[in-house]
Amino acid sequence: MPPLAIVARALTVDFGGTVALDGVDVDIPAGSLTVIVGPNGAGKSTLLEVLAGAREPSAGSVDVGAHSRAFVPQRADVSEHLPLTVRDVVSVGAWGRTGALRRIAASDRAAIDTAMQRLDIAPLARHPFASLSGGQRQRALLAQGLARRAGILLLDEPTTGLDAASAERNRAAAAHERARGATVVCVSHDDRLVSDADHVVELDAGRVQTTHASLDDIRAANAPVR
Ligand SMILES: Nc1ncnc2c1ncn2[C@@H]1O[C@H](COP(=O)(O)OP(=O)(O)OP(=O)(O)O)[C@@H](O)[C@H]1O
């Protein structure tokens with residue numbers, strides 16, 4: 001049994017009568033690429049938010065040990081009116097390491113530059129974030145997550161709505177993070193990303209249906225990937 005980066009037990013999230021998660025237990029192996037799959041409304045994004053520490057569950061526990069976490073939601077939570085450049089938005093990723101009011105270290109600046117290059121947004125560094133297209137914003141937010149250099153990187157649908165080249169770039173970024181030693185957890189409907197996974201968690205109606213070591217495992221079990 002490999003060491004675990006995340007141990008979640010009996011997670012329940014109740015949105016005032018809508019039970020999004022209903023007693024979910026998940027173990028995420030350290031250093032794995034885990035993909036959470038399932039139909040619309042299954043509770044995937046809610047589970048990712050709870051694993052990221054971005055949402056308190058109604059009941060249950062999440063243990064990440066000493067790992068730091070970086071969470072990349074699907075959409076930007078950045079006001080259109082804030083005069084932030086793309087580089088500013090990516091730099092927020094380093095705040096998790098330095099604190100917002102401390103000087104950004106040279107190693108953090110290098111991580112910010114590398115993340116922007118990896119997602120091919122370096123030419124947009126000085127552009128206002130609000131002027132970016134949806135796909136460009138998604139890449140900037142993923143770059144923000146990479147700049148954090150966290151032990152656990154949680155990505156909500158990192159390839160949805162992107163052109164083929166951008167989707168491939170984001171899959172490569174996830175693979176690179178795993179190769180760096182990070183534990184990467186994605187919610188995705190992307191078969192290619194699922195086929196890269198070491199571990200697949202299938203959710204339906206707020207419950208874990210099955211966990212699989214890989215896409216081949218799912219196919220062998222005849223379970224459709226939705
Ligand atoms: N903030 C919220 N308030 C109330 N209900 C919510 C909220 N967020 C999610 N839900 C409900 O919780 C359930 C699970 O939603 P969630 O977004 O986690 O599903 P999902 O599997 O990520 O779906 P999709 O594939 O469509 O993104 C759904 O019934 C949804 O309507």
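As the structure lists them, so they are numbered: ligands from 1, and atoms in each ligand from 1. Quick caveat: nothing in here was measured; it's all calculated off a predicted structure.
The residues lining ligand 1, counting any heavy atom closer than 4.0 Å, are Phe15, Thr18, Ala20, Pro39, Asn40, Gly41, Ala42, Gly43, Lys44, Ser45, Thr46, Glu157, His189.
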* **Derivation of the side chain to side chain contact (heavy atoms under 4.5 Å, CB included) call for Val13 and Leu11** => CA-CA 7 Å; Val13 172; Leu11 292 177; 5.9 Å; no
Would you mind writing out the side-chain donor-acceptor pairs for residues 118-125 within the sub-3.5 Å range, not counting sequence neighbours?
{"unit_1": "Arg118", "atom_1": "NH1", "unit_2": "His176", "atom_2": "ND1", "d": "3.2"}
{"unit_1": "Arg118", "atom_1": "NH2", "unit_2": "His176", "atom_2": "NE2", "d": "3.2"}

Result block: side-chain N/O donor-acceptor pairs under 3.5 angstrom for residues 46-63, not counting sequence neighbours:
{"unit_1": "Glu49", "atom_1": "OE1", "unit_2": "Arg55", "atom_2": "NE", "d": "2.7"}
{"unit_1": "Glu49", "atom_1": "OE1", "unit_2": "Arg55", "atom_2": "NH2", "d": "3.1"}
{"unit_1": "Ser58", "atom_1": "OG", "unit_2": "Asp14", "atom_2": "N", "d": "2.9"}
{"unit_1": "Asp63", "atom_1": "OD1", "unit_2": "Gly65", "atom_2": "N", "d": "2.8"}

Extract all donor-acceptor atom pairs below 3.5 Å that involve side chains of residues 29-45 and protein atoms in other chains or at least two apart in sequence.
{"unit_1": "Ser32", "atom_1": "OG", "unit_2": "Pro29", "atom_2": "O", "d": "2.7"}
{"unit_1": "Ser32", "atom_1": "OG", "unit_2": "Thr34", "atom_2": "OG1", "d": "3.1"}
{"unit_1": "Thr34", "atom_1": "OG1", "unit_2": "His199", "atom_2": "ND1", "d": "3.0"}
{"unit_1": "Lys44", "atom_1": "NZ", "unit_2": "Gly38", "atom_2": "O", "d": "3.0"}
{"unit_1": "Lys44", "atom_1": "NZ", "unit_2": "Pro39", "atom_2": "O", "d": "2.9"}
{"unit_1": "Ser45", "atom_1": "OG", "unit_2": "Asp156", "atom_2": "OD1", "d": "3.4"}
{"unit_1": "Ser45", "atom_1": "OG", "unit_2": "Asp156", "atom_2": "OD2", "d": "2.9"}

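Met116 places a side-chain heavy atom less than 4.5 Å from the side chain of Arg87.
The CG atom of Leu154 sits 8.5 Å away from atom CD1 of Ile28, with the distance rounded to the nearest 0.5 Å.
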